[in-house]
Structures are given as C-alpha cells and as structure tokens.
Protein chains: 2
Amino acid sequence: MQNSCMIDSKLKVLQMVAQHGTVTAAAEALHYTPSAVSYRVRQLAEELGVELLAPSGRGIALTAAARVVLRHAEALYAEAERTYTELAATADEPTGLFTLCGFSTAASRLLPPAASDLRERFPQVTLRVIEAEPVRCFDLLLSGDADLALVTNTAETPPASDERFDQKPLLDDPLDLVVPEGHRLTRLPGVDLADAADEPWIVGSPGTTYHHLVMNACMTAGFTPNIAHQADEWETGTALVAHGFGIILVPKLARLQDWPVVRLPLAGESAPVRRVLAATRKGKRDHPLVAAALDRISSSSTLPPAQEGA
Amino acid sequence: MQNSCMIDSKLKVLQMVAQHGTVTAAAEALHYTPSAVSYRVRQLAEELGVELLAPSGRGIALTAAARVVLRHAEALYAEAERTYTELAATADEPTGLFTLCGFSTAASRLLPPAASDLRERFPQVTLRVIEAEPVRCFDLLLSGDADLALVTNTAETPPASDERFDQKPLLDDPLDLVVPEGHRLTRLPGVDLADAADEPWIVGSPGTTYHHLVMNACMTAGFTPNIAHQADEWETGTALVAHGFGIILVPKLARLQDWPVVRLPLAGESAPVRRVLAATRKGKRDHPLVAAALDRISSSSTLPPAQEGA
DNA sequence: TCGATCATGCAGCTATTTTGCATGGTTCTG
DNA sequence: CAGAACCATGCAAAATAGCTGCATGATCGA
C-alpha cells in the first residue's frame, strides 16, 4: 500500500532517527544520506520552533520535545492508517500493493497460501512476500515496506504496549521433540519435555530467536539443557539428530526433510509452544486485506488458535 | 504560529476545496492558482488510490472517499494542534507568531489590551491582530492565519459540533437601547425591549450579523421592528438617532461617539445579549497563549461571563 | 447562441530536496 | 597518548518537486 502520504515525511525521518539511535542508521533505513536526514530534522525543528536533537557523545540524543512530537506522531500515523482502512473498506475493490512479511517458517508455510488466496480474491492487488526476522519485520512495518507481519515475540521485539503497532495473537505453534529413530524416548507412551533433560541438545546460535525459545522451554520444564551443538537451520539440526549427536525442538509448523528421525509431540500441561503474532501498524488491524489474510491463515492452519494469556 | 507542518499540505488543499466548493475559490483562499490546486488534489488522490473529485456541472463535487478523508483530516489536524500545544506548554518560553482575530467591536475593545498583555508576558512572541467578520475569522483559523478568534454565532458560522473548531462561550454582551436625548423612553423607570415596539428602527443592511441580531432580539421580544433606516456602523446609527430618525440597539462593548443620545440598559428576563465566543482550531484550546489570552479577556472585561445555555 | 465560469493539461520556471564531499568533534584501540 | 573509526553537520551542485501562465474543453445562464 502507500507509504503514508497525508503525514509530512519529516516526521517519519524523526521517527527513524529515534528508532535507530543515530542519524546515519536512520539514513540507511530510509535509503537517504546522513546529511539529508540531518537537514530534514533540522527543518522540522525550525518549523516547530523547538530543538529536537542534541549532540551526545559522537552521536545525538532526542530532546524532551522530540519525545513529545514522537508520541503524537504515533497517534497521527494511527489515524492515517484508519483512513486508509476506511477507504479500502468503502472502495468497491482494493487495489495497489500489499506486502506480507514473516519469519522463516511463517514465510514458507503460512504466507504463500494466504497470499495466493488474496491474489485470487482481489485481482487488482499486487501481492508481495518478504521473509524477515521478527525485528526486521517491525522495521518493515514502520517504514511502510510491509503491511502485515507474522512474528514471534522475542526480547528484541517491541512490547505489546508500543503505540506504533497492533499485535494480535494468531496461532500457538507447539514444539515437537525430534530424536533419532530407535531412541529410548520413542518407547515411552507420552513424552514430556522434562524426560529429555539429560539428552545432549542442539540449539540455535546464542542470540537467535530459536536459541532463546529452546532455552526458555527447558527452563520452564525445570532443567538447563546440555548444549552439545549449535545449528540455526532445521535441516542442519535434523541431520545432526539423525547422526545421533543430540536432539532438537522444532515447531509443528516447520517441515523436516526426510531423515531417519522421529518427531515426538510433547505432552503435558507445560508443553512448550511458540506463539505466532500478527502485527500491523496501529490503526490498520481492520483493513479489509489484513482481515482477509488473517482469516485465511487462522482458518486454514491445522494449528490451534492462540489461547488468551497462554 | 506555524501553519501546521507535520501534516501534508495536500490535505489542507482538499479541505479548502471542500470548504469553498470550487477549485478556483480554494485556490484564491490559498493564494495559489487553480491549476496548482487541481494538481495537488489529483496527486493526493493518486497516492490514496481513490477518486476524490468528480465533475459536477461546470464545477466539481466531493466523492464519498473525499468525505472520508476529510473526516479523518479533522482528527489529524486536531492531533497536530495538541502537539503544538504540548510543545508550547513544555517549552520554557513560547516563541513565534501568534495571531488574534475578531469582529469589529472585539477587535477594538478586547483584542488590543489582551495582545498588549501577552506581548508583555511573552516578549519572544510576535503578536498580530486582524479585524474580520466571524465567517472570515473561521477561514483565518482554518488557513492557519489566525490562532484565536473572537466571534459571535450567526447563521453562517460553523455549528458547535464542527470537528475542526473548538468554540467556547466567553462573554455575554448585553444590548443597550440608544434613543435621542429627551426621548419618552428615558422617562420610564426601567425599559424593556418591548416598550420600543412602535419606534422607528435603524438596523444593519440585510444579511449582516447586526441585522440578524436586532431582528432576532425584536422577534424574541414579541414584535417585528419598523425598519426606517439602515446603518452598518455604530457611528452612523448613532448620528441618525441623534437627529431623531429612530432608535438602535448597541452592544455594551461598543463605544459611542459623543452625540446627544441616551443609552438605556434593557431590563427584564429576556434582555437581549450578544454572545461572544472564543474559537480555535480543534486541539488548540489548551495552548498556553490561548489560555493566557482568554484569561486576560474575561478577567479584565466588565461584562458578565457567558452563562451556560443562555 | 454567446459570454461567463470552471476544471484540467502542458511547457517552463522556481524552489525545495538530495547528494557528495569536506570539516570538526568524540570514542575506541593499540 | 596518538591514530583510526565513527558520527553529525555544513556547503555547493545536481535532481526533483511544485507552481504559474496560458490554452482547451465543458457547462450553465441569458
């Protein structure tokens, strides 16, 4: 869709400076040069009659006035989104560009069928899918490069209270344990995560979303995993499992290649899940294309809808 | 103050087209050429992906989409004003240009002392006063050429529910009867408007605010005035009264030149008043300069503050 | 039917916006 | 305690947008 006309682009520039902390980083995000960003912010400051940026170390810091402006900017953008939403709802037929983004598994399993469905129902709309990590998904929303994002919440992800976004639980993606064929756990009637406490574990690199996910799940189950190997892709992790180097957790949504492994659903109260959220810019939640996409995703998925407060 | 940066000026253009009904009139109000207005609106329409104007006769008409956009634009402008207000309230010292406007009597009796007071309290602020009829006052507010307007409500004035403005009763300006010296009414202990039912009246030209005011007052008092002459300025009207051509109603706020006339306060329940309203753009009511100005006006005036629901 | 009024399109000019590079300040590192 | 790296800003020049003047076509009223 459109990149928020109606609101002066100088505000977006300021928002980007705030988001990225430096003029240079904001320039990069906007595909501008630093001097253009600097000029634009200075201009906004003059028009408003206040100081917005103050030198701080070798960078800049936001003034109190800038924070006031940004807070109101959030309301302005939300109102603009509501306008687009209402226009789209009134129009006989949505048109233009609609971009979906999401983390790897969502991008491969959830977004393509949804996009295909939308393309059929709204032939005038050009659809685009971008695979991106949750943090970048939010950047894409903010910059207007994406309209709907499927994310999992992590420590780096904006909190639900962030007034720039609307985040809504969409699906709960349960985690399966993947073990080699003939593994002792395959002989149990039902497997609990705690049963795997003594196994060698294969997790993601420290800092990745997957690393946190596994660590948190194990902590919740009452043990600290014995980390034997690190693998960031399901394929690598599955291969390691097949060769007996350890075990992994994979979300149900993830499809595994054909390896001699067994996928064990986890039982019990505290069976870990990865929660999938749908995020939009504030005010866009009721946009007909957003609503149609989310409807399609949650109705066609075999996963359970997200539980409140899980 | 600033003419609403933060919000794309294309919206202001559309708003002006809506306000004035034709592209040409909007262009005039904006000091643009019609082709610039046409270009700007077309551009906005493209960015939004909707039609905004449709040919209608030899002019244009707003589409439903345009009305949607305009409704949201009101919210955007209000939010922007709240931003300026908060910035001004946070800043150590307001700066920039602040423009007061008001109808003739207000401009001569209320605005100069208020402006002078503000100039003293806020030396960084440049003050400007514009005398304008109520209808033009609202135009000035809308175009950003004025920040605070003193108006009386007339039939052409926007209703209180107009989301673009904030209107607040400020003062009730009672009307006095002006009669020649030695007139029979001067001998009554207390004069009611109905007592003047049979007198020859001098009113404003049909269509003026003053004309409506007098007519309404007389209607309310239960009679239709016998209109003998028309005069649009107090000076002219007073001169006619002095020469015995009839009687006039003047607001207490109006000062009269030295003529051989007597000014009789009207008694009774239904003593007519002219209500003075303070109008701002929506969201600007709490601006420190607005608050200071209204405070000064209502506290220094000898007139009664406006009664709720009068 | 004619003249007045209105919107729009186009060529050309003006003003704004952006870039590229240079400068000066600050932090990190060896 | 230098030197390198990083960051913001300023300035001239290039790129882009916005505006004007005029011409065209369409509609309405006399």
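Chain identifiers are assigned alphabetically (A, B, ...) following the order of the sequence lines, protein sequences preceding nucleic acid strands; residue numbering begins at 1 within each chain.
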For DNA chain D, which residues in residues 54-70 of chain B have a heavy atom at a distance below 4.0 Å? B:Gly57, B:Arg58

Taking side-chain contact (heavy atoms from CB on, under 4.5 Å) as the test, write out the residues that go with B:Thr63, two or more places apart. B:Glu51, B:Ala54, B:Ala65, B:Ala66

Kindly check if the number of other-residue, nucleotide or ligand heavy atoms within 6.0 Å of CZ (A:Arg285) is above 12? no

Student check: side-chain heavy atoms of B:His287 and B:Pro94 closer than 4.5 Å: no

Please list residues of residues 16-34 of chain A whose heavy atoms come under 4.0 Å from any atom in DNA chain D, ordered by number; otherwise none. A:Thr22, A:Val23, A:Thr24, A:Pro34

Decide yes or no for B:Tyr32 and B:Ser38: does some side-chain heavy atom of the first lie under 4.5 Å from some side-chain heavy atom of the second? no

Test ring pair (Phe, Tyr, Trp, His ring centres under 6.0 Å) applied to B:Tyr77 - qualifying residues, sequence neighbours left out: none

Taking any atom under 4.0 angstrom from a heavy atom of chain A, which nucleotides of DNA chain C are the first and last to qualify, 5' to 3'? C:dT17 to C:dC28

Run the side chain to side chain contact (heavy atoms under 4.5 Å, CB included) check on B:Leu142 and B:Arg281 step by step: do they pass? CA-CA 7 Å; B:Leu142 214 50; B:Arg281 283 185 296 279; 5.6 Å; no

Would you call B:Glu81 and B:Lys282 a salt bridge, taking side-chain N to carboxylate O under 4.0 Å as the test? no

Take B:Leu140 and B:Ile130, measure what side chain to side chain contact (heavy atoms under 4.5 Å, CB included) needs, and give me the verdict at the end. CA-CA 9 Å; B:Leu140 290 170; B:Ile130 299 177; 3.8 Å; yes

Work out which heavy atom in B:His20 is nearest to a heavy atom in B:Ala26; give both atom names and the distance. CB-N, 4.0 Å

Side chains of A:Leu62 and A:Leu53, heavy atoms from C-beta outward: is any pair under 4.5 Å? yes

Would you indicate whether the side-chain heavy atoms of A:Val151 and A:Asn153 approach each other to under 4.5 Å? no

Strictly below 4.0 Å, heavy-atom distances to any atom of DNA chain C: list the hits from residues 35-45 of chain A, or just say none. A:Ser35, A:Ala36, A:Tyr39, A:Arg40, A:Gln43

Taking the inter-plane angle between the rings of B:Phe138 and B:Phe165 on a 0 to 90° scale, is it parallel (under 30°), tilted (30 to 60°) or perpendicular (over 60°)? perpendicular

